[in-house]
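Indexing begins at 1, ligand by ligand and atom by atom, following the structure's order.
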Amino acid sequence: MKVSVIGASGRVGRAAAFSMAEEDLVNNLVLISRERSLSQIEGEALDMSDALAAKDIRVSIISSCNWEETKDSDIVVISAGIPRKADMDRVDLAIPNARIIANYSKMIAKSAPESIILVITNPVDIMTYVAYKASGFPRNRVVGLGNHLDSLRLKNFVAEHFDVHVREVHTRIIGEHGNHMVPLLSSSSIGGILMKYYDEYETFDLERATGKVKGAGTYVIGKKGATEYGPAFAISNIIKTILRDEKKIPTLTTYLDGEIGGIEDVCLGVPVKLGRNGVEQIISLKMSNEETRGFLEAAKIVKKATDEVMASLKEFE
Ligand code: NAP
């Protein structure tokens, strides 16, 4: 099992690499950076190896600026990009990051043509579309992480309100990893029972919880400069599901071709069956009227922004 991380000198990249190594998910880990960060990722690799020895885990870790090292990767994670500051919206990063993602996706298509690309860079829904188009990969092999992390955040708030173990909560957020995210409360359950059947449901303030999920990234960035552990563990969840062919149903950004609400030619967060082939099925949804409205709105907003970014990439070429 081989995973390469592009942007491994960054806070999300290095934390994700360490998390997947520490969970013993991979045999070969490749940390890729630009030349200016090579020394740093060499240090990261040795530091990680020392930690792994303490846990009796053996992983080969290579640090390099040479893309040839990504050859035969099962998964390539891209977290390279200009980071978001607390006063920036994720969409502010779209055009500069799209150039980076388009360039890197083309390089992955050459060096690791059979891999699955997992996009982390924000705004992730647009960047997933850019990676899909630039790599030329089939759509099942290009996914983005965004709503999976949002869903984990919502799960925490639900567990707290209903005073239950977080493992009992099945809830999700779909749509945009951003202001137009849509919590799917109508199909959320606790202990296998729909949430609406619980007495505590009456006092669950969905608007407040969604507001907190929307603001979670900005809050953490404002306090400590970046989000690390949340995205890192969410990434290793996804890596594990793919490499172990678990066929779990996380919410990932994927290219839609009319499967949900007739939405097409845009990448959005939806429930997917995930396994060794990447996205093996897009799960169709029964939503409330309000959820459907929110999802269609998210699709409209993300599609418009994606079209603008793709037009700017053409001008740049
Ligand atoms: P970071 O610490 O600044 O690291 C980003 C890395 O990107 C840098 O170490 C650098 O790597 C590379 N980079 C920076 N500018 C570049 C450029 N102009 N060209 C090529 N590479 C460049 O940022 P981070 O906190 O790890 O966040 C990385 C990305 O993930 C951001 O876009 C962030 O918004 C996103 N994010 C997404 C989620 C999600 O759920 N989808 C969650 C958290 C963060 P090298 O020097 O090694 O090349």
J.: Judging by distance only, is a nitrogen or oxygen of Arg36 under 3.5 angstrom from one on ligand 1?
T.: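 Such a contact does not occur with ligand 1.
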J.: Could you tell me whether Glu68 and Lys71 have a side-chain N and a carboxylate O separated by less than 4.0 Å?
T.: no
J.: Can you report which non-hydrogen protein atom sits closest to atom 4 (O) of ligand 1, along with the distance?
T.: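 Scanning the protein heavy atoms, the shortest distance from atom 4 (O) of ligand 1 goes to Gly10 CA, 3.1 Å.
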J.: What pairs of residues pass the ring pair (Phe, Tyr, Trp, His ring centres under 6.0 Å) test when at least one of them lies in residues 50-101, not counting sequence neighbours?
T.: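 Sorted result for residues 50-101: Trp67-Tyr104.
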J.: Would you tell me which option among Ile100, Ile32, Leu31, Ile235 has the nearest heavy-atom contact to atom 18 (N) of ligand 1?
T.: Ile100
J.: For ligand 1, which atoms sit closer than 4.0 Å to a heavy atom of Leu149?
T.: 40 (O)
J.: Provide the full list of ring pair (Phe, Tyr, Trp, His ring centres under 6.0 Å) pairs with a residue in residues 1-29, sequence neighbours left out, each pair given once.
T.: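 Counting only pairs at least two positions apart or across chains, no ring pair (Phe, Tyr, Trp, His ring centres under 6.0 Å) contact touches residues 1-29.
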J.: Note the single closest protein heavy atom to atom 11 (O) of ligand 1, along with its residue, its atom name and the distance in Å.
T.: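 Here the closest protein heavy atom is Ser9 OG, 3.1 Å.
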J.: What protein heavy atom sits nearest atom 46 (O) of ligand 1, and how far away is it?
T.: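 The protein heavy atom lying closest is Ser37 OG, 2.5 Å.
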J.: Are there more than 12 heavy atoms of other residues, nucleotides or ligands under 6.0 Å from atom NZ of Lys196?
T.: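 Counting other residues, nucleotides and ligands, NZ of Lys196 stays at 12 neighbours or fewer.
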J.: Quick check: Gly7 and ligand 1, any N/O pair under 3.5 Å apart?
T.: no
J.: Hey, does Thr227 come in under 3.5 Å of ligand 1, counting only N/O atoms on both sides?
T.: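 No, since none of the N or O atoms of Thr227 sits under 3.5 Å from an N or O of ligand 1.
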J.: Taking distance alone, with no angle check, do Thr121 and ligand 1 share an N/O pair under 3.5 Å?
T.: no
J.: So Phe162 and Tyr198, would you call those rings parallel, tilted or perpendicular, with 30° and 60° as cut-offs?
T.: perpendicular
J.: To the nearest 0.1 Å, how far is atom 36 (N) of ligand 1 from its closest protein heavy atom, and which atom is that?
T.: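 Minimum-distance protein heavy atom for atom 36 (N) of ligand 1 reads Asn122 ND2, 3.4 Å.
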J.: For atom NZ of Lys286, is the number of surrounding heavy atoms from other residues, nucleotides or ligands below 6.0 Å larger than 12?
T.: no
J.: What protein heavy atom lies closest to atom 37 (C) of ligand 1? Include the residue and the distance to one decimal.
T.: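 It is Ile120 O, 2.9 Å.
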J.: A quick test of your reading: do over 12 heavy atoms of other residues, nucleotides or ligands sit less than 6.0 Å from CZ of Arg58?
T.: no
J.: Would one find an N or O of Leu145, backbone or side chain, under 3.5 Å from an N or O of ligand 1?
T.: yes
J.: Taking heavy atoms and a distance under 4.0 Å, where does Glu228 meet ligand 1: side chain, backbone, both or neither?
T.: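 None of Glu228 does.
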J.: Among all protein heavy atoms, pick out the one at the shortest distance from atom 23 (O) of ligand 1; state its residue, atom name and that distance to 0.1 Å.
T.: Pro83 CB, 3.7 Å
J.: Without hydrogens or angle criteria, can the side chains of Ser187 and His170 be said to hold a donor-acceptor pair below 3.5 Å?
T.: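 On atom types as modelled, these side chains do not qualify, holding no pair under 3.5 Å.
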J.: For atom 7 (O) of ligand 1, grab the closest protein heavy atom and report residue, atom and distance to one decimal in Å.
T.: Gly81 N, 2.9 Å
J.: Select the closest option to atom 42 (C) of ligand 1 among Pro231, Ala226, Ala16, judged by heavy-atom distance.
T.: Pro231
J.: Can you tell me if CD on Glu290 sees more than 12 non-hydrogen neighbours from other groups inside 6.0 Å?
T.: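 Count not over threshold, so no.
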J.: Charged N to carboxylate O below 4.0 Å: is that the case for Arg139 and Glu259?
T.: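 Result for this pair is yes, salt bridge flagged.
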J.: Among protein heavy atoms, which sits nearest to atom 20 (C) of ligand 1, and what does the distance come to when rounded to 0.1 Å?
T.: Tyr104 OH, 3.4 Å
J.: Salt bridge or not for Glu297 and Arg293, using N-O below 4.0 Å?
T.: no
J.: Examine Val12 against ligand 1 and note whether any of their N/O atoms are separated by less than 3.5 Å.
T.: yes
